[in-house]
Amino acid sequence: MPRADLIIVGAGAAGLSAAGALKQRGIDAVILEQESQLGCSWQRRYDRLHLHTVRAHSGLAHYPMPRSSLRYPSRDEYAAYLNDYARHFGLNVVTDFRVRNVRMASIAPVTWEIVGACDSWQSRVVVLATGQYGVPRMPALPGQECYDGEFTHSVNYRNAAPYAGKRVLVVGAGNSGAEIATDLAEHGAAFVAISIRTAPPIVPRDPFGSPVQRTSFLLSLLPPRLADRIARLTARLTLGDLSRYGMPAADWRPYSSRRVPVIDVGFVDALKRGRVRIRPALARLTATGAVYADGHSEPFDAIIAATGFSSGLDALLEDAAVLDEAAEPIAPSGEPTTSPGMFFVGYTHSLRGHLFEANRASRRLAANVASYLERAGGKIS
Ligand SMILES: Cc1cc2nc3c(=O)[nH]c(=O)nc-3n(C[C@H](O)[C@H](O)[C@H](O)COP(=O)(O)OP(=O)(O)OC[C@H]3O[C@@H](n4cnc5c(N)ncnc54)[C@H](O)[C@@H]3O)c2cc1C
């Protein structure tokens, strides 16, 4: 069985940042990655995707994004940066290795077994960095089996070309749902509607010319209710009254509930021009379309469920005591868990940006792993 002091599962932004921060402290990691190339999770996302967070606050630990990147880097620029990051630190990434199970192999000394399809690795420390977006969440709707149109998850959406001239319903108004609806409306779909069960707050990406990510650093320092009021006022001043276009009042507030609002990159304009229509929650499907919670029905050629993801960590870990009821880690990213030698990185929910938080968490992780290894002493590799 191959052995290492430290295994990181997942070579996305968080896993690479963790490995880079560890390398900076002289600690080598082996990173196990299920894909055959770095940057795949970005490259598979929709074509028009640019980061919503600025280049300066989206880079990973100890090696920022190059100044030649756009202020809001494109999907492909970010994937290229991840490859560059791994090269810069000379990271040891084992590709095409899908981890199926992580379990403690011995207690004294603590040893972890990381099980793949054919091989297993042993290590003293295991860091889970498999991402919050591992498993697409599909809604289970009555009548789904009768629906004759295309019914797919947003994870499969690349661009509007296959939907030209079609009537399309997007289900769910998170950032992906809002952007996909906009893309469809801008690129030839005949009719686009978005079904909203829980209405999100919408904020401009650059209120008064300054990135909303920067504003959120400042507002995060205020009491959440005050920050919410300022954010709502700013959105109202810059985007106007969206209830005139059918958008319901937000059901939650970003700073109080620590959830990322919809960052507007064209959705509000499409809404105001009547190119995207708001619809209520979806109740069921028929052979030809959708029936909403208010009983009203409409025909659709395609339905795209932008209904989010789960981490899939519960299927991976033998010890579920480190996870909460939503299968998210209980311990903050980068901090020790109740299982000695097990750490998580990249699972922070924050308005300051996932990549910004992954950078910070990976530095904390490196410090915590260094002191754990020092306390535990000895090497198995
Ligand atoms: C459409 C979209 C846009 C986003 N835009 C932004 C943005 O602008 N700014 C921002 O800060 N954040 C953004 N995010 C959030 C976040 O930054 C990204 O999701 C980012 O990819 C998260 O990095 P990660 O390393 O945590 O997870 P991932 O990128 O998902 O990487 C996880 C890695 O683990 C691998 N893996 C998973 N399971 C296994 C296994 N069992 N065995 C081996 N390998 C495994 C995967 O193949 C993958 O390479 C966005 C998210 C989405 C979905």
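Order of listing sets the numbers, starting from 1, for every ligand and every atom in it. Quick caveat: nothing in here was measured; it's all calculated off a predicted structure. Atoms considered below: every heavy atom in the structure, side chains included; atoms not considered: hydrogens, waters and symmetry mates. Numbering starts at 1 and runs along the sequence shown.
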Check your understanding: Below 4.0 Å from any atom of ligand 1, is there a heavy atom belonging to Tyr347?
Key ->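 Distance cut 4.0 Å: Tyr347 fails for ligand 1.
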Review point. For ligand 1, is Ala358 a contact, meaning one of its heavy atoms is under 4.0 Å away?
Key: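 Heavy atoms of Ala358 never come under 4.0 Å of ligand 1.
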What protein heavy atom is closest to [atom], reported as residue, atom name and distance in Å?
atom                    : result
atom 34 (O) of ligand 1 : Gly10 CA, 3.2 Å
atom 38 (N) of ligand 1 : Thr130 CG2, 3.5 Å
atom 26 (O) of ligand 1 : His354 NE2, 3.2 Å
atom 27 (O) of ligand 1 : Gly131 CA, 3.4 Å
atom 31 (O) of ligand 1 : Gly12 CA, 3.4 Å
atom 3 (C) of ligand 1  : Leu49 CD1, 3.9 Å
atom 41 (N) of ligand 1 : Val99 O, 3.0 Å
atom 28 (P) of ligand 1 : Ser41 OG, 3.8 Å

Review point. Which atoms of ligand 1 have any heavy atom of Ala129 under 4.0 Å away?
Key: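 Answer for ligand 1: 32 (C), 33 (C), 34 (O).
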Practice item. Run the numbers for me: atoms of ligand 1, each under 4.0 Å from some heavy atom of Gly353, listed by number. Key: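 Listed by number with element: 11 (O).
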Below a 4.0 angstrom heavy-atom separation, can you tell me which part of [X], side chain or backbone, both or neither, approaches ligand 1?
X     : answer
Cys40 : neither
Ala14 : both
Leu32 : backbone
Phe97 : backbone

Check your understanding: Which salt bridge (Lys or Arg N to Asp or Glu O under 4.0 Å) pairs, counting each pair once, include a residue from residues 13-29, with sequence neighbours left out?
Key ->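 Every salt bridge (Lys or Arg N to Asp or Glu O under 4.0 Å) pair that includes a residue of residues 13-29, provided the two are not neighbours, is Lys23-Asp28.
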Point to revise | Residue pairs fulfilling salt bridge (Lys or Arg N to Asp or Glu O under 4.0 Å) with at least one residue in residues 301-319, sequence neighbours excluded | key: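 The answer is Arg103-Glu318.
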Polar proximity ligand 1 side, [X] side, N/O cut 3.5 Å exclusive:
X      : answer
Phe309 : no
His52  : yes
Ser176 : no
Gln34  : yes
Tyr46  : no
Ala13  : yes
Val9   : no
Leu355 : yes

Nearest 0.5 Å, please: how far is [atom2] in [Y] from [atom1] in [X]?
X      : Y      : atom1 : atom2 : answer
Leu49  : Gln43  : CG    : CD    : 11.5 Å
Leu22  : His62  : CG    : NE2   : 9.0 Å
Leu169 : Leu282 : CG    : CG    : 6.0 Å

Looking only at non-hydrogen atoms, which of [options] approaches [atom] most closely?
atom                    : options                     : result
atom 53 (C) of ligand 1 : Arg44, Arg45, His50         : Arg45
atom 5 (N) of ligand 1  : Phe356, Trp42, Tyr78        : Trp42
atom 9 (N) of ligand 1  : Val260, Ile8, Thr53, Asn359 : Thr53
atom 46 (C) of ligand 1 : Glu33, Glu35, Arg205, Arg98 : Glu33

Exercise for review: Kindly indicate whether a cation-pi arrangement holds for Arg205 with Tyr72, taking the cut-offs as under 6.0 Å to the six-membered ring centre and within 45° of the axis.
Suggested key: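 The answer is yes, since Arg205 meets both limits relative to Tyr72.
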Is there a donor-acceptor contact under 3.5 Å from the side chain of [X] to the main chain of [Y]?
X      : Y      : value
Thr348 : Ser350 : no
Arg75  : Arg45  : yes
Thr307 : Met138 : no
Ser17  : Ala13  : no

Do the side-chain N and O atoms of [X] and [Y] include a donor-acceptor pair separated by under 3.5 angstrom?
X      : Y      : result
Ser36  : Thr95  : no
Ser176 : Ser154 : no
Asn359 : Arg363 : yes

Review point. Picking from Leu323, Leu128, Val322, what satisfies side-chain contact (heavy atoms from CB on, under 4.5 Å) with Thr337?
Key: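 Only one of Leu323, Leu128, Val322 forms a side-chain contact (heavy atoms from CB on, under 4.5 Å) with Thr337, namely Val322.
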Point to revise | Audit row: Ile7, Val125, side-chain contact (heavy atoms from CB on, under 4.5 Å) steps and yes/no | key: CA-CA 6 Å; Ile7 296 279; Val125 172; over 6 Å; no
**Study point:** Tyr46/Arg158 under side-chain contact (heavy atoms from CB on, under 4.5 Å): CA gap, chis, key distance, verdict
**Key:** CA-CA 4 Å; Tyr46 43 89; Arg158 295 289 164 275; 5.6 Å; no
